[in-house]
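First up is the structure itself, then whatever we jot down about it.
Convention: sequence-line order gives letters A, B, ...; per-chain numbering from 1.
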Amino acid sequence: MTNKEISKLLRNISAVYQLSNESRFRIIAYEKASEVIENSAVEMSDLWKQGKLTSVPGVGQSIASYLGELFQTGKVIHFDKLFDKFSPALFPLLDVAGFGPKKALKLATELKLNNPETVINDVHKAALSGKIAKIKGFGDKSQQDIIEAIKRYKIGQDKTLRMSVYYANQIAKSVIAYLMQCKYTVDAILLGSLRRMVSTIGDVDIAVKTHDSSKVIEWFIRYPSKVKIIEQGSSGASILLTNQTQVDLRTIDPQRFGSMLQYFTGSKYHNIHLREHALKKGLSLSEYGIKQLNMGKIQSLKKGIYNSDKNIYEYKSEYDYYHDLGMQFIPPELRENTGEIEASIINKLPKLVETKDIKGDLHIHSNYDLETSHDLGNSSLKEIVSRAEKLGYEYLGISDHNPSMANHSNDEIINILKRRKNIFEHIMSSTKSTRVYLFIMLEVDVLPDGKLAIPNEALPYLDALIVSIHSSFNMDKNNMTKRIISALSHPKAKIFAHPSGRRLGKREGYDVDWDKLFNFSIQNNKAIEINSNPERLDLSDILVREATREHVKLVINTDSHDVTHMDYMSLGVSVARRGWAQKSDIINTLSCDKFKKWLLNS
DNA sequence: GCCGTTTTCGGCCCGACTGTTTTCAGTCG
C-alpha cells in the first residue's frame with residue numbers, strides 16, 4: 001500500500017463522512033491526513049514498522065491504528081462498513097472538476113449508477129441526453145458544465161494532472177505581458193504555487209494591482225487564447241486557455257496589496273496555520289488585512305493602516321503584514337506549513353541559498369562524440385565555457401555519457417577518453433582569456449550489479465565521475481540501494497545524479513532507502529545531485545529537506561544538453577530553497593580551490 | 001479526529017463565486 005493509495009483512501013473516507021453529516025472537524029481531519037501523507041517523503045508502511053505513524057502531523061491514535069490494521073490485514077473493517085452505505089460509483093466522479101461528494105452522490109443515486117468502471121461515461125451520456133437538467137437542484141447550465149468538465153477530464157485534465165513549473169512560467173509571462181498592456185493595470189505579479197516554485201503547477205495565479213478592478217477583469221477575460229470563462233466576479237476571474245491551462249486573476253487596490261499577496265501566494269495550509277496563529281493573538285486574517293477581534297485589548301499593529309469604514313488594518317507590503325503578526329518575513333518557497341511559521345516566530349528561519357551563490361555547474365553534456373549509446377549535447381565546449389563565463393561561474397564539469405560498452409572493447413573506450421582529454425585540454429589552453437576552470441568528467445551508468453559502465457584503466461583520463469541509473473528501474477528498494485552504494489563506493493565517483501530517477505508527469509522514481517544512502521554519502525564524502533532539468537527536479541524538495549536535516553552534501557546541476565539549458569540552474573536552486581537548503585549545504589557554492597579539493601581528493 | 005507557551009478538553013481559517021434558489025448549498029482555493 002503506497003502513500004498515494006493511502007491518501008486516496010483517506011480522501012474517500014472524508015467524502016463518506018461528508019455524506020453522513022459527520023462533524024466537519026472529523027471530515028477536515030481526514031482530509032488533512034490525506035494531504036500530509038500524499039506529500040510525505042517517507043512511506044507510511046515503513047513508519048508503521050517502526051511504530052512511528054503518529055509522528056506524522058495530522059495522524060493521531062485513531063488514524064494510526066486504522067492504518068496499522070490496513071498494513072496487517074490489507075483492509076480496515078471500520079472503513080469498509082462506511083463504504084458499504086454508498087454506491088462505489090460516486091468515488092471516480094470526485095476526480096472530475098466541479099464534483100464534490102454531494103453532487104456525486106446525488107447523481108449516482110438519481111441515475112441509479114453502481115459501476116465505478118463506467119460511471120463517468122454514464123454521467124456523460126445522461127447529461128448529453130438531457131436527463132441531468134431534470135434532477136432537482138440541477139439545471140441546464142449545470143448540465144452543460146458537467147458535459148464540459150467530463151470532456152476535459154477525458155483529455156487528461158483531471159484535478160491531479162500538473163505541468164512543469166518551467167512551462168507554467170512561460171504561459172504566465174505571456175498573460176502578465178498582456179495584462180500590463182491594460183491601462184488600468186498598475187502592476188501584475190505571479191503568485192500561488194508558481195511564486196512558491198512548486199515543481200509541478202496545477203494552474204497559473206496572477207494578482208493585479210489596480211484602482212479599477214472591473215476594467216482589468218474585462219480586459220483579462222478577452223485574453224486572445226482564452227477558450228472559456230470559468231468564473232467572473234467583482235474581485236477576480238478565472239479563464240481556461242486553448243492549451244487547457246487555467247489562469248486565475250485577482251485584482252486589488254494598491255493599499256491592500258500586501259495582504260492579497262500573502263493570501264494568494266498560499267499555500268492553503270500555510271494560510272490556515274497562519275490564521276490559527278493570529279487567532280491566538282486575537283487577530284483575524286483575510287486577503288483584505290488584519291481585524292482585531294477583541295477591541296478592548298489593543299494590539300500594536302504598527303505597520304498597518306487603519307481603515308475605519310471596514311474596521312480593518314490594511315497592508316501595502318507583505319513584509320509589514322508578517323511583521324505585525326510578530327513574525328519574520330517567510331520566503332514564498334517555505335510556505336508549506338512544515339515548520340516555517342514556528343521558525344519565523346522565534347527568528348530561526350534559514351538563510352536560503354540563492355542562484356548568485358552558485359560557482360559552477362558540474363553536469364553538462366557537450367557535443368563531443370565519444371560514441372555513447374545515450375544522447376549527445378548540442379553545444380561545443382567553447383560555447384559552454386563562454387556561457388559559463390557570462391553566468392559568472394568559476395568552474396565547470398563536462399560530464400558526457402560514457403562510451404557504449406556494447407559497441408566497444410575496453411581498449412577502444414580507453415582510447416576514446418584519452419583522446420577526449422587531450423582535445424579538451426587543447427581547447428582550454430587555446431582560449432586563454434577564460435577564467436573558468438574545467439573538470440573533465442563523465443556521467444557513468446550504474447549497471448544492475450552496481451558496477452560502473454567503464455573500465456578502470458580509463459579512469460586516469462577523468463577528474464571525477466558522476467554516476468547515475470539509466471536502466472533496470474524496477475529493482476526492489478534493498479537491491480537498488482545496494483546498487484547505488486556500490487557504484488558510489490568507487491573513489492572517483494563523487495556525485496549521484498538525478499537520484500530518484502523520476503520524470504515529472506511521466507515516470508515515478510525507483511525505490512531507494514534514502515536514510516541509508518544519505519548516511520553513506522555523509523560517511524564517504526559524496527554529493528547527491530539536485531537536477532535542475534524541468535522534467536526532473538530530482539532530488540525532490542521533500543527529500544532535500546530530509547537531506548539538509550542530516551547535513552548531506554548536495555550539488556545543484558543543470559544536466560544541460562544545450563547551452564540554453566544552463567539557465568535552468570535557478571529551477572534547481574528553487575528546489576533547494578524549498579528544501580530549506582542554505583549556502584553551506586550546496587557544495588558547488590564553494591570557491592574553485594575548495595571545490596577542487598573536495599572533487600579530486602578521494 | 002487532531003492537538004497543546006493561555007488547553008488532555010474544547011477549540012478547530014476565511015472568503016469568493018455559481019447555480020438554483022428567494023436565502024442557500026456546494027465547491028474551490
Side-chain angles (χ1 to χ4, degrees), chain A residues 10 13-15 17-19 21-36 53-67 78 93-94 96-107 132-146 149 159 191-193 196 202-205 207 213 217 229-238 246 248-252 259-260 262-291 293-294 297 312 325-326 337 341-342 345-346:
Chain A
L10 296 181
I13 291 293
S14 169
Y17 275 144
Q18 281 183 66
L19 298 172
N21 287 322
E22 258 294 347
S23 130
R24 70 187 182 94
F25 299 112
R26 181 172 288 173
I27 293 165
I28 289 168
Y30 273 90
E31 229 164 55
K32 194 178 169 192
S34 163
E35 189 106 1
V36 170
L53 273 178
T54 51
S55 69
V56 179
V59 176
Q61 286 305 324
S62 176
I63 292 181
S65 90
Y66 289 139
L67 293 186
H78 173 63
L93 287 174
L94 301 178
V96 180
F99 276 89
K102 307 250 168 125
K103 206 185 275 184
L105 175 66
K106 194 157 198 180
L107 287 184
I132 289 182
K134 291 181 190 131
I135 299 172
K136 192 167 186 287
F138 292 84
D140 285 335
K141 184 67 174 69
S142 48
Q143 177 168 268
Q144 195 53 38
D145 286 348
I146 287 171
K159 287 177 192 167
L191 295 178
S193 51
R196 303 199 311 279
D203 51 27
V204 170
D205 300 314
S213 283
I217 291 167
I229 298 168
I230 295 167
E231 64 181 28
Q232 182 182 355
S234 58
S235 61
S238 296
Q246 180 174 332
D248 298 337
L249 171 79
R250 283 291 180 122
T251 55
I252 193 82
S259 47
M260 173 56 82
Q262 196 288 317
Y263 159 77
F264 212 18
T265 297
S267 66
K268 180 180 164 190
Y269 286 99
H270 173 85
N271 285 351
I272 289 175
H273 193 124
L274 192 69
R275 286 166 185 182
E276 284 168 354
H277 165 70
L279 269 185
K280 287 179 194 157
K281 301 173 72 110
L283 302 171
S284 170
L285 307 183
S286 76
E287 53 265 52
Y288 302 113
I290 304 179
K291 273 185 187 166
L293 294 174
N294 182 356
K297 192 172 114 193
I312 195 167
L325 296 172
N337 192 30
I341 290 176
E342 289 75 8
I345 292 167
I346 56 170

Using a cut-off of under 3.5 Å, enumerate the N/O to N/O pairs linking the protein to nucleotides 3-11 of chain B.
residue	atom	partner	partner atom	Å
dC3(B)	OP1	Gly58(A)	N	2.6

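- For the OP1/OP2 pair of dG29(B) and a distance below 4.0 Å, the side-chain nitrogens and oxygens of Lys268(A) include no atom meeting the criterion.
- Under the ring pair (Phe, Tyr, Trp, His ring centres under 6.0 Å) criterion, Phe264(A) pairs with no residue at all, not counting sequence neighbours.
- Side-chain nitrogen and oxygen atoms of Tyr269(A) include none within less than 4.0 Å of the OP1 or OP2 phosphate oxygen of dC13(B).
- Among the nucleotides dG29(B), dG19(B), dT27(B), the one closest to any side-chain atom of Asp203(A) is dG29(B).
- Classification of the Tyr66(A)-His78(A) ring pair by plane angle, with boundaries at 30° and 60°, yields parallel.
- Among the atoms of the strands shown, only primed sugar atoms or phosphate atoms (P, OP1, OP2) are found under 4.0 Å from some heavy atom of Gln232(A).
- In terms of the side chain to side chain contact (heavy atoms under 4.5 Å, CB included) criterion, residue partners of Ile345(A) (sequence neighbours excluded) are, by chain and number, His277(A), Met327(A), Ile341(A).
- For the pair Ser235(A) and dC17(B), the criterion of a side-chain N or O lying under 4.0 Å from OP1 or OP2 is met.
- Every residue two or more places apart in sequence or in another chain was checked for a ring pair (Phe, Tyr, Trp, His ring centres under 6.0 Å) with Tyr263(A), and none qualifies.
- Residues passing the side-chain hydrogen bond (donor to acceptor under 3.5 Å, both in side chains) test with Arg275(A), sequence neighbours excluded: none.
- Taking 4.0 angstrom as the limit, Arg275(A) places none of its side-chain polar atoms (N or O) nearer than this to OP1 or OP2 of dC13(B).
- The gap from the C1' atom of dT21(B) to that of dC14(B) amounts to 24 Å, rounded to the nearest Å.
- OP1 or OP2 of dC14(B) sits under 4.0 Å from a side-chain N or O of Ser284(A).
- Base orientation for dT22(B): anti, the chi torsion being more than 90° from 0.
- Using a 4.0 Å cut-off between charged side-chain N and carboxylate O, Glu35(A) and Lys268(A) make no salt bridge.
- Side-chain atoms of Arg250(A) lie closest to dA16(B) of the nucleotides dA16(B), dG1(B), dC17(B).
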So which protein N/O to nucleotides 20-23 of chain B N/O distances come out below 3.5 Å?
residue	atom	partner	partner atom	Å
dT20(B)	OP1	Gly139(A)	N	2.3
dT20(B)	OP1	Gly139(A)	O	3.3
dT20(B)	OP1	Ser142(A)	N	3.4
dT20(B)	OP1	Ser142(A)	OG	2.7

